[in-house]
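Beneath this line is the structure, given in structure tokens, with notes to follow.
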2 protein chains.
Amino acid sequence: MPSLTRIIERHIQELLERNGEESVFLSRKDLAERFGCVPSQINYVIRSRFTPERGFLVESQRGGHGYIRIIRLRMKKPEERANHIEELVGEVISEQEIKKLLANLQERKILTARERLLIEIAIRFQEQLCREMFDLSPFKREALHAELLKRLLRSIVLL
Amino acid sequence: MPSLTRIIERHIQELLERNGEESVFLSRKDLAERFGCVPSQINYVIRSRFTPERGFLVESQRGGHGYIRIIRLRMKKPEERANHIEELVGEVISEQEIKKLLANLQERKILTARERLLIEIAIRFQEQLCREMFDLSPFKREALHAELLKRLLRSIVLL
DNA sequence: ATGGATTTGGTCAGAATAAGTCAATGTCGC
DNA sequence: GCGACATTGACTTATTCTGACCAAATCCAT
């Protein structure tokens with residue numbers, strides 16, 4: 001059974017999907033009522049799902065006629081996507097973060113499942129090598145992962 | 001008598017088989033209860049059986065409504081399988097040979113251009129690492145290339 | 001025009017839940 | 001008895017959901 005958060009997330013995504021809108025206006029209060037939850041749950045959904053990392057911007061306004069607006073960013077130029085990925089990966093990245101990042105990129109159709117699999121294997125192999133053969137510190141390993149991951153993603157995102 | 005790990009592995013595979021599902025959602029807690037073991041046993045089963053090298057992707061989430069999702073990747077066209085990866089690659093392989101092999105696989109539509117690029121970059125990065133950071137002999141480097149290449153190709157080509 | 005009432009949304013911390021890690025230990029085939 | 005594979009449990013980390021309290025925009029009576 002999916003979590004409430006998941007359900008609300010999907011609902012918002014459907015609204016965005018509809019007509020390929022680039023943004024939606026939501027009422028926190030109404031949403032909370034509709035899904036039978038406390039209003040701050042909506043903030044949680046937004047904070048955890050509609051982040052800049054996932055390609056969204058959020059605006060809001062309080063008071064009468066208040067709203068929450070969710071904007072989906074479209075990165076059309078390959079160079080933009082490459083920079084975006086550069087930021088996402090950073091200088092150092094844990095395997096947990098890598099897995100989440102790859103799942104997310106697949107969700108966004110930036111990667112296919114097969115490409116994701118290849119990347120996971122390449123990273124795992126490097127991890128094994130650096131740990132067992134060269135006895136590198138966790139920090140160095142994570143730095144090398146970040147470097148490899150950036151090169152891999154950059155190359156195919158630019159294609 | 002088969003080990004518990006095998007039994008649980010079979011169970012998960014059956015769930016995947018059912019209706020040819022591409023993925024299953026599991027509850028670690030429930031599985032452990034059902035098979036009368038400690039929850040971390042499930043992690044062991046997954047770590048040892050449902051690896052990317054065997055064509056599986058695993059996603060998971062902790063906390064409330066947590067889950068473990070196992071995704072099985074499959075080739076669309078079984079006739080396009082490239083067997084004999086072992087012989088093609090061998091124990092040692094030069095970058096020249098790798099390039100030729102990959103070009104050939106792409107020609108035969110077994111790899112996409114993007115997948116080929118990923119593999120080339122992974123190999124090149126490893127080459128650089130082994131040469132500049134660890135000063136490995138050419139022979140050792142070629143042996144590691146062969147190992148990485150086999151893992152990558154086996155997973156994606158033999159699904 | 002103004003200021004209090006009303007209407008919204010924001011923040012934060014805590015409880016409950018569930019998965020991950022790791023190292024110690026056990027088991028089985030050779 | 002050794003080595004690989006399997007099992008266990010103590011400890012760690014992450015996610016969801018809620019509610020009390022805060023902040024801002026608008027409304028409206030004067």
Side-chain angles (χ1 to χ4, degrees), chain A residues 1-12 23-51 53-54 56-71 93-101 103-104 120 124 127-128 131-132 137-138 141-142, chain B residues 1-12 23-54 56-71:
Chain A
M1 193 184 44
S3 67
L4 220 205
T5 293
R6 185 83 211 166
I7 292 170
I8 297 173
E9 175 194 8
R10 263 206 291 262
H11 176 254
I12 295 175
S23 79
V24 249
F25 286 87
L26 307 170
S27 150
R28 185 177 86 145
K29 194 163 83 76
D30 291 353
L31 262 191
E33 241 161 57
R34 145 110 81 134
F35 290 101
C37 63
V38 101
S40 58
Q41 173 85 16
I42 307 302
N43 294 87
Y44 176 70
V45 174
I46 289 169
R47 197 183 350 123
S48 60
R49 308 292 148 108
F50 296 92
T51 61
E53 292 83 48
R54 295 184 181 211
F56 295 97
L57 285 180
V58 178
E59 295 171 355
S60 66
Q61 174 135 151
R62 307 184 190 189
H65 309 304
Y67 62 82
I68 298 176
R69 180 186 184 194
I70 295 181
I71 306 163
I93 192 169
S94 72
E95 284 197 85
Q96 274 298 309
E97 291 172 308
I98 290 174
K99 295 193 75 163
K100 267 196 269 185
L101 174 58
N104 183 242
E120 281 205 17
R124 272 165 65 92
E127 167 69 14
Q128 193 188 335
R131 187 205 292 262
E132 293 175 11
S137 71
R141 280 184 267 143
E142 293 198 352
Chain B
M1 190 183 59
S3 68
L4 222 205
T5 292
R6 283 210 173 283
I7 293 171
I8 297 174
E9 176 191 8
R10 292 299 304 263
H11 177 253
I12 294 175
S23 78
V24 249
F25 284 87
L26 307 170
S27 151
R28 186 178 85 145
K29 195 163 80 78
D30 293 353
L31 262 192
E33 241 161 59
R34 145 109 83 133
F35 290 101
C37 64
V38 100
S40 57
Q41 172 88 8
I42 307 302
N43 294 88
Y44 177 73
V45 175
I46 288 170
R47 198 180 43 239
S48 60
R49 309 292 146 108
F50 297 92
T51 62
E53 284 82 356
R54 296 187 186 196
F56 295 96
L57 287 171
V58 177
E59 297 174 0
S60 67
Q61 180 153 113
R62 306 186 191 185
H65 300 93
Y67 61 82
I68 297 176
R69 180 186 184 194
I70 297 184
I71 306 166

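Basis for what follows: all heavy atoms, side chains included, without hydrogens, waters or symmetry-related copies. Per chain, numbering begins at 1; letters A, B, ... match sequence-line order.
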Would you mind reading off the distance between A/Phe35 atom CZ and D/dC17 atom P, rounded to a whole angstrom?
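Distance, rounded to whole Å: 12 Å.
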Rounded distance in Å - CZ (B/Arg6) to C1' (D/dT7):
15 Å
Heavy atoms under 4.0 Å is the rule here; annotate nucleotides 16-30 of chain C 5' to 3' with B where the base is hit, S where only the sugar-phosphate is, and - elsewhere.
-BBBBB---------
Between NZ of A/Lys99 and CG of B/Leu57, what distance do you get to the nearest 0.5 Å?
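With rounding to 0.5 Å, NZ (A/Lys99) is 7.5 Å from CG (B/Leu57).
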Exercise: identify the closest heavy-atom pair between B/Arg54 and B/Ser48
NH2-O, 3.7 Å
How would you label the contact of [X] with the nucleic acid (heavy atoms, under 4.0 Å): base, sugar-phosphate, or nothing?
{"X": "A/Leu4", "answer": "sugar-phosphate"}
{"X": "B/Arg49", "answer": "sugar-phosphate"}
{"X": "A/Lys100", "answer": "sugar-phosphate"}

Would you say B/Tyr44 places a side-chain N or O within less than 4.0 Å of OP1 or OP2 belonging to D/dA6?
yes
Walk me through whether B/Arg28 and B/Asn43 qualify under side-chain contact (heavy atoms from CB on, under 4.5 Å).
CA-CA 8 Å; B/Arg28 186 178 85 145; B/Asn43 294 88; 2.6 Å; yes
Candidates A/Thr5, A/Val45, A/Leu4, A/Asp30 - the one meeting side-chain contact (heavy atoms from CB on, under 4.5 Å) with A/Phe35:
A/Leu4
Nearest to the side chain of A/Val38, heavy atoms from C-beta on, is which of D/dT15, D/dG19, D/dT7?
D/dG19
CA sep, side-chain torsions, deciding dist, call: A/Glu9, A/Arg6, salt bridge (charged side-chain N to carboxylate O under 4.0 Å, His left out)
CA-CA 5 Å; A/Glu9 175 194 8; A/Arg6 185 83 211 166; 3.4 Å; yes
